[in-house]
Amino acid sequence: MAEAILIPISFFLFIFAIVYLYFTTRNKERMALIEKGAEASIFFSEKKSRGTSTGKILLLNLALLLISVGVAIFLGAVLEEMRVDPDVAYPGTIFFMAGIGLLSGFFLTKKMDKEK
């Protein structure tokens, strides 16, 4: 019974510790650079403002992932009708199609960055 409570709490504490360490370390590095006289413009990269926004890339990859998972469930049902074991058909097609969706998202993102 204690494991049911202990595991989620430890998971969220782990995530919180990673985020906390990331931001505190980043803040300390920036403060040290400012004390040495560095300008604030070094914290913002020019490449980021020139390229495609992160939101568009995330939305594109998420859309392709969800589309490919939907197609995978359909293909899993087709394979199940062809007498393939459902324990193999569904997970196999979902992982395969999700990989294809993410790979196509990677190439489309790369193509979008080249156009800019």
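None of the values given here were measured: they were computed from a predicted structure.
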Check your understanding: Taking it one step at a time, do Asn61 and Leu65 satisfy side chain to side chain contact (heavy atoms under 4.5 Å, CB included)?
Key -> CA-CA 6 Å; Asn61 284 330; Leu65 179 66; over 6 Å; no
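With values rounded to the nearest 0.5 angstrom, Glu115 atom CD is found 9.5 Å from Asp113 atom CG. For the atom pair CG (Asn27) and OH (Tyr22), the distance works out to 11.5 Å, reported to the nearest 0.5 Å. Taking CE from Met112 and OG from Ser53, the interatomic distance works out to 7.0 Å, rounded to the nearest 0.5 Å. Considering CG of Leu59 and OG1 of Thr54, their distance stands at 12.0 Å, rounded to 0.5 Å. Between the CG atom of Leu58 and the OG1 atom of Thr109 there is a distance of 10.0 Å, given to the nearest 0.5 Å. Atom CZ of Phe106 sits about 11.0 Å away from atom CD1 of Ile57, to the nearest 0.5 Å.
In terms of heavy-atom proximity, Leu60 sits nearest to Gly105 at CD2-O, 4.3 Å.
Within a 6.0 Å sphere centred on CD of Glu81, heavy atoms belonging to other residues, nucleotides or ligands number 12 at most.
Residues Val19 and Phe23 are in side-chain contact: their nearest non-hydrogen atoms beyond the backbone lie under 4.5 Å apart.
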Pairs of donor and acceptor atoms involving the side chains of residues 88-102, under 3.5 Å and at least two apart or interchain, shall be tabulated with distances.
{"from": "Tyr90", "atom 1": "OH", "to": "Glu80", "atom 2": "OE1", "distance (Å)": "2.8"}
{"from": "Thr93", "atom 1": "OG1", "to": "Ala72", "atom 2": "O", "distance (Å)": "3.1"}
{"from": "Thr93", "atom 1": "OG1", "to": "Ala89", "atom 2": "O", "distance (Å)": "2.8"}
{"from": "Thr93", "atom 1": "OG1", "to": "Tyr90", "atom 2": "O", "distance (Å)": "3.2"}

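No continuous path of ILVMFWY side-chain contacts below 4.5 Å connects Ile15 to Ile7, so the two sit in separate hydrophobic clusters. Leu6 and Phe14 end up in different hydrophobic clusters when Ile, Leu, Val, Met, Phe, Trp and Tyr side chains are linked at under 4.5 Å. Both Phe12 and Ile18 belong to a single network of hydrophobic side chains, linked directly or stepwise wherever heavy atoms of I, L, V, M, F, W or Y lie under 4.5 Å apart.
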